[in-house]
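In this text, all values refer to a predicted model and were calculated from it rather than measured experimentally.
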Amino acid sequence: MRKPSIIISKADHERLTTLANGLLEKKPEMADALLNELERAKVAASGNALNGTAQMGATVDYESDDGNKRRVTLVYPADADIAQGKISILTPIGTALLGLKVGQSIDWTANDGRTHRLTITSVEDVVEAS
């Protein structure tokens, strides 16, 4: 199945590319998965084009193909805390969520090797600190 189009901010794209390249030797599967998503993403400067899309720091509601609904915040690895719903961009689900907008679905492979489908139901945009 063809993957949906995604859009990522220029700042996130640069930071995530550096993160993934730094992992190529230690965790190649993780790095490759993220680099593949970054490669196919449309990169945008901040602004209206990013509204309603799952960017770093955004809180995302999604429903999985088994009917489960979850609310998570997409974060960098150092900020991950599953108990608080903060999931790392380096997890399979984190990588899958990146750049999606409400209504889009994507198939992703969990750590156990099974394929799942999720659909974004809402995105709370990142609030920029002033």
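- Counting only heavy atoms from C-beta outward, the side chains of Tyr62 and Ile93 approach each other to under 4.5 Å.
- In this structure, the separation between OG1 on Thr18 and CG on Leu23 is 11.0 Å, given to the nearest 0.5 Å.
- A salt bridge does not link Glu63 to Arg70: none of the charged side-chain nitrogens sits closer than 4.0 Å to a carboxylate oxygen.
- The same ILVMFWY cluster, assembled from side-chain heavy atoms under 4.5 Å apart, contains both Leu34 and Tyr76.
- Put simply, Ile6 and Met30 are part of the same group of oily side chains (I, L, V, M, F, W, Y) that touch within less than 4.5 Å, one to the next.
- Taking the side chain as every heavy atom from C-beta outward, Glu37 and Ile106 approach each other to under 4.5 Å.
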- [ ] Take Val123 and Thr59, measure what side chain to side chain contact (heavy atoms under 4.5 Å, CB included) needs, and give me the verdict at the end.
- [x] CA-CA 6 Å; Val123 175; Thr59 299; over 6 Å; no
Open item on the list: For a side chain to side chain contact (heavy atoms under 4.5 Å, CB included) check, start with the C-alpha distance between His13 and Lys10, then their side-chain angles and the critical distance, and finish with the verdict.
Closed with: CA-CA 5 Å; His13 192 275; Lys10 186 174 191 289; 5.6 Å; no
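- Taken from NZ in Lys27 to CG in Asp32, the straight-line distance is 14.0 Å, to the nearest 0.5 Å.
- Contact of the Leu16 side chain with the Leu35 side chain is not registered, since no non-hydrogen atoms from C-beta on lie closer than 4.5 Å.
- Leu74 and Leu50 fall into different hydrophobic clusters, where Ile, Leu, Val, Met, Phe, Trp and Tyr residues are linked whenever their side-chain heavy atoms come under 4.5 Å apart, directly or through other members.
- Around atom CZ of Arg15, no more than 12 heavy atoms belonging to other residues, nucleotides or ligands sit under 6.0 Å away.
- Put simply, Val75 and Leu38 are part of two different groups of oily side chains (I, L, V, M, F, W, Y) that touch within less than 4.5 Å, one to the next.
- The closest side-chain heavy-atom distance from Gln55 to Ser9 is below 4.5 Å.
- Here Asp79 contributes atom CG and Ile87 contributes atom CD1; the two are 13.0 Å apart, rounded to the nearest 0.5 Å.
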Open item on the list: With salt bridge (Lys or Arg N to Asp or Glu O under 4.0 Å) as the criterion, how do Asp107 and Arg117 come out once you've worked through the C-alpha distance, each side chain's angles and the decisive distance to 0.1 Å?
Closed with: CA-CA 4 Å; Asp107 293 327; Arg117 173 168 270 259; 2.9 Å; yes
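- With hydrophobic clusters built from ILVMFWY side chains whose heavy atoms lie under 4.5 angstrom apart, Leu19 shares a cluster with Leu97.
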- [ ] Please test Ile89 against Asp12 for side chain to side chain contact (heavy atoms under 4.5 Å, CB included), starting from the C-alpha separation and ending with a verdict.
- [x] CA-CA 11 Å; Ile89 185 64; Asp12 282 350; over 6 Å; no
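- Thr121 places a side-chain N or O within 3.5 Å of a backbone atom of Asp61 that can act as its donor or acceptor partner.
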